[in-house]
Every structure is written in structure tokens, then in C-alpha cells.
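Some notes on the structure that comes next.
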Amino acid sequence: MNAPLSGAAPVPIPSRTQFVLEHLTHAILTGGLAPGTALVETELAAQFGVSKTPVREALKTLAGRGLVVMSEYKGAAVRTVDADMARAIYDVRLLLEPEAMRRTVDRAAALAAAHAALTRADSAVDSAERSLANRDFHRALYLPCGNPLLVRMLDDLRDQAALVSSFVWQTVPTWEREAEEHRAILAAAEDGDADLAGELLGGHIRGFVNRAFPRQPDAEALDGAPPAEAGGAPPAARRARAARPARVTDADGVEVGSAEGEGRS
């Protein structure tokens, strides 16, 4: 396990699970516990000065929030970040968050919390703290949307999104670009332009995941076939054409059937 968690100390029984949960969440989202780190109940219990029960309950909660994976044979570990995981999270955000942003603007909601989060991000000393501020910025935009269910759905994603951004920024520090995009989104929102704010937010979410996890060129394009964007047929269409039976013609070039079933026209 990584460096010992700071602040671990015995606490009153009713709040022990919450105490462990908060410290583990912070350690995961700030990189103190790196993706893939094993979370051993006995070690954590000793570190926090509690029994294994609150540790076990905290790990179950973290698993439900998508920050921890639990295996019957391997135990618990911090969730690893990969392209499929990141794209799935950001795809759902892209479906929900711009609409929540539009509704927030239409309701003329106060956005002081978003300004505060931007200030925290600008003064952050590392990518992990910047990621937490980024998470709070986005929540400040959708929280006043007026739909509690929509807020809850986005809340379920925000820790996982923070895990992705913290991981990415440690290797691809693009936060200055994201910060400029945040300012443009907030400016549009404060101008009352709901459509522009939603459009900018959608582009921001899409751009981040595409830069961090670019899709690999299609294997057929690598073999020399033109990709769909360059004028060639999409991969699925090319595969469909390849699966069609070859045409069979007579000596005069008239089609009389196919290689799969001669005599059919």
C-alpha cells in the first residue's frame, strides 16, 4: 500500500464508517491511493484504529460509487482507469450535463459556487486538488437545474469523473486549456445564453476525453483501406460487402446466380 493516510485516529463508533469513507475517498481522488492499489481490510483497520467492520462498509460504499472494485478472490482495490471506462463515464455525462446546464441558465440560478471552484482550481498545487475543484465546478453548474433526479444521476458520476481527470492530468497536464473552457462556459451562463452554455459544456466534455483517450485508427484503414472520414465506406459497410457472396455470370456477362447459390437471380 502507498504512504500512510494522514489524519487516521480513533473516532466515536457511530461515525467510524463515515470517517473511513471520507478518508479513503479523499486518498483515492487525490492520488494518495493510486489506481490498482490493493485495499486490505486488516491493514486499513489498523491504520484507522477501527475494527474491520467500518472498513468493510466503507469499501462497499466506494464500490457502489465506482471508485473501488471488489473481487471474491482478490479482495478490494482502487479502480483502474482505462479508455473504455473513461469513455463510458464521459458518454453519460455528455448526454445529461449540457441539458442540466441549460436548465440552470434558464432558471437564472446563482453561480457563485462555480466562481469559487474556478478560483480553487487556479490556486491548486497539484493535479489531484485541481481535479477536486474541477468536480465542484461542474456540480455548481448542474446542481441548480431544478431536477433532483438529474442531479442525483450526475452526482453518481462525479467521483468517477474526478478519478479520470486526476489520472489523466498526472500524465497529460491540459488543465490550463480546460480552465479557459470553464471560463467561457461560465461567461455564457452568466450572459443568460442557455444554448451556448450547453454547447460549450458539451464540447468541453467531449474534447477532454477525446484528447486524453484518442481512438485508434480502424484496423482496416491501417491496412490501406480509406477511413469513412476520408470518403471510404464505414468499417461495418466494408465488412458487410465482404460477406456478400460473389456474383456468378455466364460467358456473355449476364448474372445467373452467386457463388453461394448458383442458379438464383
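Being a predicted model, the structure only gives us computed values, none of them experimental. Numbering starts at 1 and runs along the sequence shown.
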Heavy-atom closest pair, residues His26 and Thr30:
O-OG1, 2.5 Å
So, do Val168 and Arg211 sit near enough that their side-chain heavy atoms are less than 4.5 Å apart?
no
Heavy-atom side-chain proximity of Arg65 to Thr25 below 4.5 angstrom
yes
Report the residues that fulfil salt bridge (charged side-chain N to carboxylate O under 4.0 Å, His left out) with Arg158, sequence neighbours left out, ordered by chain and then residue number.
Asp136, Asp155
Rounded to the nearest 0.5 Å, how far does CG of Leu163 lie from CG of Leu157?
12.5 Å
Taking all heavy atoms of Ala100 and all of Cys145, pick out the closest pair and write down the distance.
O-CB, 3.4 Å
Where Ala189 and Ala197 come nearest, the two heavy atoms and their spacing
N-CB, 4.0 Å
Sorted by chain and residue number, the side-chain hydrogen bond (donor to acceptor under 3.5 Å, both in side chains) partners of Arg87 (sequence neighbours excluded) come out as none
Would you compute the distance between atom CD1 of Ile185 and atom CG of Asp193 and round it to the nearest 0.5 angstrom?
13.0 Å
Separation between OG (Ser166) and CG (Leu132), nearest 0.5 Å, reads 7.5 Å
Single-linkage hydrophobic cluster Val69~Leu67, side-chain heavy atoms < 4.5 angstrom:
no
For the CG atom of Leu59 and the OG1 atom of Thr17, what is their distance to the nearest 0.5 Å?
10.5 Å
Please report, to 0.1 Å, the donor-acceptor pairs under 3.5 Å made by any side chain of residues 105-116, with sequence neighbours excluded.
from, atom 1, to, atom 2, distance (Å)
Arg107, NH1, Pro144, O, 2.4
His115, NE2, Glu190, OE1, 3.3
His115, NE2, Glu190, OE2, 2.6

So among His204, Arg102, His138, which one has a side-chain hydrogen bond (donor to acceptor under 3.5 Å, both in side chains) with Glu97?
His138
Just jot down the salt bridge (charged side-chain N to carboxylate O under 4.0 Å, His left out) partners of Glu57, sequence neighbours excluded, or say none.
Lys60
Do the side chain of Gln160 and the main chain of Asp156 share a donor and acceptor less than 3.5 angstrom apart?
yes
Side chain proximity check, Val151 to Asn147, heavy atoms < 4.5 angstrom
no
Answer with yes or no whether the hydrophobic clustering places Met70 together with Met85; edges join I, L, V, M, F, W, Y residues whose side-chain heavy atoms lie under 4.5 Å apart.
yes
Rounded at 0.5 Å granularity, tell me how far CG in Leu39 sits from CG in Leu62.
8.0 Å
Might you point out which heavy atoms bring Val78 and Pro35 nearest each other, and give the distance in Å?
CG1-CA, 3.7 Å
Note: Ala83 and Phe213 closest approach over all heavy atoms is CA-CD2, 3.5 Å
Ser165: partners by side-chain hydrogen bond (donor to acceptor under 3.5 Å, both in side chains), with sequence neighbours left out:
Ser131
Output every pair passing ring pair (Phe, Tyr, Trp, His ring centres under 6.0 Å) with a member in residues 65-86, not counting sequence neighbours, ordered by first then second residue.
none
Could I get the full list of ring-ring contact (aromatic ring centres under 6.0 Å, His included) partners for Tyr90, not counting sequence neighbours?
Phe208
With sequence neighbours left out, the residues meeting side chain to side chain contact (heavy atoms under 4.5 Å, CB included) with Thr119 are none
Any donor-acceptor pair under 3.5 Å linking the side chain of Thr104 with the backbone of Leu141?
yes
Using the test salt bridge (charged side-chain N to carboxylate O under 4.0 Å, His left out), find all partners of Glu41 that sit at least two apart in sequence or belong to another chain.
Arg56
Out of curiosity, does Val92 fall in the hydrophobic cluster containing Tyr142 (side-chain heavy atoms, cut-off under 4.5 Å, transitive links)?
yes
Does the plane of the ring in Phe137 sit parallel, tilted or perpendicular to the ring in His182? Use 30° and 60° as the thresholds.
parallel
Please name all residues satisfying side-chain hydrogen bond (donor to acceptor under 3.5 Å, both in side chains) with Arg135, sequence neighbours left out, ordered by chain then number.
Asp159
Non-neighbouring partners of Glu22 that pass side-chain hydrogen bond (donor to acceptor under 3.5 Å, both in side chains), sequence neighbours left out:
Gln18
Salt bridge (charged side-chain N to carboxylate O under 4.0 Å, His left out) involving Asp122 - partner list, sequence neighbours excluded
Arg183
Hey, could you give me the CG/CD1 distance between Leu94 and Ile89, rounded to the nearest 0.5 Å?
13.5 Å
Could you tell me which non-hydrogen atom of Arg93 sits nearest to which non-hydrogen atom of Pro98, and how far apart they are?
O-CD, 3.4 Å
